[in-house]
Amino acid sequence: MVKPIVHEFNSQQELIAAASDLKAQGIHEDNLYVLSHEKDDTKDLADNADVNTIGLKEEGLGTALSNVFESRGDELRKKMTEMGLSDVEADQYEKKLDMGKILLIIKDEDKVTNMP
């Protein structure tokens, strides 16, 4: 599995603009994933930016089921490791999510030329 590119944003507007730019560069929306600390916020952001959330398809059934019994931090870290990040990276990004950052995870890094 190729390691994804992760970008941090402070606001929904920044994330939407970046997602739009990436799609204009040829990155298919199927390769763009949003993650925030709150589940409801993540879903709303995904809808507004027309990108994906990390779900059953990306996690697999076993991880998705185990997440039901995990803390939100543990769940977020598992989601990120299932996307190809190391445990250390997932821990670092989870701390940033705790501070209110929004993450855009890009799986098709070969097409990324410029990130705002």
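Hydrogens, waters and symmetry mates are skipped; everything else that's a heavy atom, side chains included, is used.
- In this structure, Ile106 CD1 and Asn31 CG are separated by 9.5 Å, a value rounded to the nearest 0.5 Å.
- Of the listed residues (Val51, Asp21, Leu22), just one forms a side chain to side chain contact (heavy atoms under 4.5 Å, CB included) with Ile27, and that residue is Leu22.
- Remark: Thr42 engages Val34, Ser36, Thr53, Arg72 in a side chain to side chain contact (heavy atoms under 4.5 Å, CB included) (not counting sequence neighbours).
- Atoms CG and NZ, on Leu97 and Lys79 in that order, are 11.5 Å from each other to the nearest 0.5 Å.
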message = With side-chain contact (heavy atoms from CB on, under 4.5 Å) as the criterion, how do Leu45 and Ile102 come out once you've worked through the C-alpha distance, each side chain's angles and the decisive distance to 0.1 Å?
response = CA-CA 9 Å; Leu45 286 164; Ile102 304 165; 3.8 Å; yes

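- Residues passing the side chain to side chain contact (heavy atoms under 4.5 Å, CB included) test with Ile16 are Gln12, Asn48, Ala49, sequence neighbours excluded.
- In this structure, the salt bridge (charged side-chain N to carboxylate O under 4.0 Å, His left out) partners of Glu89, at least two apart in sequence or on a different chain, are Lys3.
- For the atom pair CD (Glu94) and CG (Asp87), the distance works out to 12.5 Å, reported to the nearest 0.5 Å.
- Glu8 meets the salt bridge (charged side-chain N to carboxylate O under 4.0 Å, His left out) test with Lys96; sequence neighbours excluded.
- Rounding to the nearest 0.5 angstrom, the gap separating the OH atom in Tyr33 from the CD1 atom in Ile105 is 9.5 Å.
- By the side chain to side chain contact (heavy atoms under 4.5 Å, CB included) test, Glu38 is found to be paired with Asp41, residues two or more places apart in sequence or in another chain being considered.
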From CA spacing to verdict: side-chain contact (heavy atoms from CB on, under 4.5 Å), Leu103, Met80 = CA-CA 10 Å; Leu103 303 180; Met80 289 184 272; 3.9 Å; yes

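- Residues meeting the side chain to side chain contact (heavy atoms under 4.5 Å, CB included) test with Asp91, sequence neighbours left out: Arg77, Lys95.
- Expressed to the nearest 0.5 Å, how far CG of Asp98 lies from OH of Tyr93 amounts to 15.0 Å.
- The minimum heavy-atom distance between Ala19 and Leu32, with the atom names listed, is O-CD1, 4.1 Å.
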ask   = Step by step, would you call Glu75 with Lys39 a side-chain contact (heavy atoms from CB on, under 4.5 Å)?
value = CA-CA 11 Å; Glu75 178 183 353; Lys39 286 182 186 182; 3.3 Å; yes

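- A donor-acceptor pair under 3.5 Å is formed between the side chain of Glu14 and the backbone N or O of Asn10.
- No donor-acceptor pair under 3.5 Å is formed between the side chain of Lys23 and the backbone N or O of Ala18.
- With rounding to the nearest 0.5 angstrom, the CD atom of Gln25 is 10.5 Å from the OG atom of Ser20.
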